[in-house]
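Down below is the structure, laid out as structure tokens.
Keep in mind that what you see is a predicted model, and the values were worked out from it rather than measured.
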Amino acid sequence: MNGGDEVAAATPAGPPPPLEWKFSQVFGERTAGEELQEVDIISAIEFDKTGDHLATGDRGGRVVLFERTDTKDHGGSRRDLERMDYPITRHPEFRYKTEFQSHEPEVQEKKVKKISEMNVDPSKAVGNGSVASSSNSSAPKPYLANGGCTDRLNNSPGNDFSIPAGGFPSLRLPVVTSAETSLVARCRRVYAHAHDYHINSISNNSDGETFISADDLRINLWNLEISNQSFNIVDVKPANMEDLTEVITSAEFHPNQCNMLAYSSSKGSIRLIDLRQSALCDSHAKLFEEQEAPGSRSFFTEIIASISDIKFAKDGRYLLSRDYMTLKLCDLYENDSIFDKFECCLSGDGSRVATGSYSNLFRVFGCSPGSTETTTLEASKNPMRRQVQTPSRPSRSLTTLTRVVRRGLGAESPGVDANGNSFDSATKLLHLAWHPTENSIACAAANSLYMYYA
């Protein structure tokens with residue numbers, strides 16, 4: 001009590017309410033019975049930092065750019081309009097902008113090399129253009145998609161006439177009209193001859209001057225302006241390849257600290273390295289790894305321990321990882337599904353995470369303290385069409401990397417997970433991306449691009 005005024009004790013804010021996800025758009029949806037071409041399967045998907053552009057890459061080497069259209073009517077972003085209490089009557093909407101061929105697919109042993117990583121950087125735009133970088137098996141390439149407006153003169157007089165004295169009584173002046181914008185993609189640089197194995201990661205540095213490219217055994221540091229030279233900062237290749245025990249599976253720069261980056265391995269470990277320590281990062285600044293229980297090691301546990309994707313939160317505080325066991329575990333080794341590499345993503349505010357699954361399903365989890373939000377959606381025009389039993393969520397902290405290894409891999413019947421839900425291993429949602437500032441998710445199911453908002 002102070003001067004007759006009561007001071008109420010501040011109560012901690014509870015977790016945010018669960019989001020209600022709705023279908024927004026789909027591009028390239030297959031009709032019933034339509035045959036799926038291997039080169040049309042989407043292999044990468046990424047928003048730019050503003051969220052106004054979306055890029056996808058497929059196994060045929062094509063990069064398709066989409067631009068947002070719903071913000072142009074009101075002249076501001078959705079978040080800005082919400083802050084001004086402006087009524088939002090339309091959902092986030094994108095349209096096709098342009099596409100280009102990043103590289104020609106090289107066929108070797110009936111396997112098509114795919115675009116494995118892609119970054120869209122609006123800060124490097126020139127004029128109305130956006131920069132997208134892609135990689136095939138061994139060479140990352142940046143592209144500039146720039147629009148040029150073609151002007152033409154209508155009804156302009158020729159040069160073989162003279163102007164009489166006093167001019168013309170009725171003179172028609174030339175009229176300048178603007179033609180349709182034409183977008184042309186040009187390959188700006190090719191960073192070649194630095195990798196002997198398939199590139200699995202490309203990550204831009206926050207300094208805007210450098211980026212990394214990673215394959216199974218090496219991580220190289222590049223300067224954006226120098227394409228014929230790179231610095232090898234991580235090398236796990238042994239002198240004798242028979243002694244090889246783990247490979248690099250993913251790598252990413254810290255979003256804010258240009259000297260920090262992390263990479264994951266097939267043994268389930270994540271190493272955080274500091275470029276200030278040494279030029280060759282043989283030692284790590286921090287290691288995230290869970291010790292295996294004695295006697296639990298087997299052929300299958302080593303495969304499912306492999307981390308397929310890592311992502312930093314926007315503020316750089318959290319590091320999210322995905323291995324096979326974070327979803328459902330069944331005996332799928334006969335059709336190589338155990339090697340599927342599912343991606344993960346975080347919301348812009350870091351309060352939610354999402355990842356894909358089989359049967360074209362993806363899940364959204366709340367990670368705020370006290371949150372129990374768990375939503376399962378299907379990549380279709382009706383995302384809530386399939387109601388499945390929500391998997392149990394043990395109480396865990398995001399600051400600790402955990403992994404559950406379940407015994408008896410062959411005990412489950414094929415096509416049924418641990419919660420009794422049937423699934424289809426032939427339809428899988430591997431790639432998805434969260435809008436950097438809004439609750440909007442873009443996900444790829446084979447050759448179809450689905451978008452959802454909440």
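Taking SG of Cys281 as the start and CG of Asp235 as the end, the distance is 11.5 Å to the nearest 0.5 Å. Interatomic distance, Glu46 CD to Lys49 NZ, rounded to the nearest 0.5 Å: 11.0 Å. Distance check: Ile310 CD1 to Asp323 CG gives 12.5 Å after rounding to the nearest 0.5 Å.
Here Ala251 pairs with Ser201, Ile212, Ala214, Ile219, Tyr263 under the side-chain contact (heavy atoms from CB on, under 4.5 Å) rule; sequence neighbours left out. For the salt bridge (charged side-chain N to carboxylate O under 4.0 Å, His left out) test, no residue two or more places apart in sequence or in another chain qualifies with Glu35. In this structure, the side chain to side chain donor-acceptor pair (under 3.5 Å) partners of Thr249, at least two apart in sequence or on a different chain, are Ser264. In this structure, Gln25 has no side chain to side chain donor-acceptor pair (under 3.5 Å) partners at least two apart in sequence or on a different chain. Contacts of Glu34 classified as side-chain contact (heavy atoms from CB on, under 4.5 Å), with partners at least two apart in sequence or in another chain: Arg30, Thr31. By the side-chain contact (heavy atoms from CB on, under 4.5 Å) test, Gln257 pairs with His254, Asn259, Met260, sequence neighbours left out. For Asp274, the salt bridge (charged side-chain N to carboxylate O under 4.0 Å, His left out) criterion is met by Arg276, not counting sequence neighbours. When the side chain to side chain donor-acceptor pair (under 3.5 Å) test is applied to Trp222, the partners found at least two apart in sequence or on another chain are Ser213. Partners of Glu246 by salt bridge (charged side-chain N to carboxylate O under 4.0 Å, His left out), not counting sequence neighbours, listed by chain and number: Arg271. Residues passing the side-chain contact (heavy atoms from CB on, under 4.5 Å) test with Ser206 are Cys258, sequence neighbours excluded. Partners of Asp207 according to the salt bridge (charged side-chain N to carboxylate O under 4.0 Å, His left out) rule, which considers only residues two or more places apart in sequence or in another chain, do not exist here. Residues satisfying the ring pair (Phe, Tyr, Trp, His ring centres under 6.0 Å) criterion with Tyr450, sequence neighbours excluded, are absent altogether.
In this structure, the side chains of Ile233 and Leu261 come closer than 4.5 Å at one or more pairs of heavy atoms. In this structure, Leu36 and Asn447 have side chains that are in contact, with non-hydrogen atoms separated by less than 4.5 Å. Residues Thr437 and Lys314 form a side-chain contact, since some pair of their non-hydrogen atoms from C-beta on lies under 4.5 Å apart. Counting heavy atoms from C-beta on, the side chains of Lys428 and Tyr358 come closer than 4.5 Å. Side-chain contact check for Ser306 versus Lys341: some heavy-atom pair is nearer than 4.5 Å. You'll find the side chain of Tyr452 reaches within 4.5 Å of the side chain of Phe23, heavy atoms only. Annotation: side chain of Gln277 is in contact with side chain of Ser283 (closest heavy-atom distance under 4.5 Å). The side-chain heavy atoms of Leu54 and Leu449, taken from C-beta on, include a pair separated by under 4.5 Å.
Residues Arg322 and Thr355 bring a donor and an acceptor atom of their side chains to less than 3.5 Å of each other.
The number of heavy-atom neighbours closer than 6.0 Å to CZ of Phe231, taken from other residues, nucleotides and ligands shown, is 12 or below.
Under the 30°/60° scheme for interplanar angles, the aromatic rings of Phe211 and Tyr191 are found to stand perpendicular.
Taking the six-membered ring where the residue is Trp, the centroids of Phe362 and Phe342 are separated by 6.0 Å or more.
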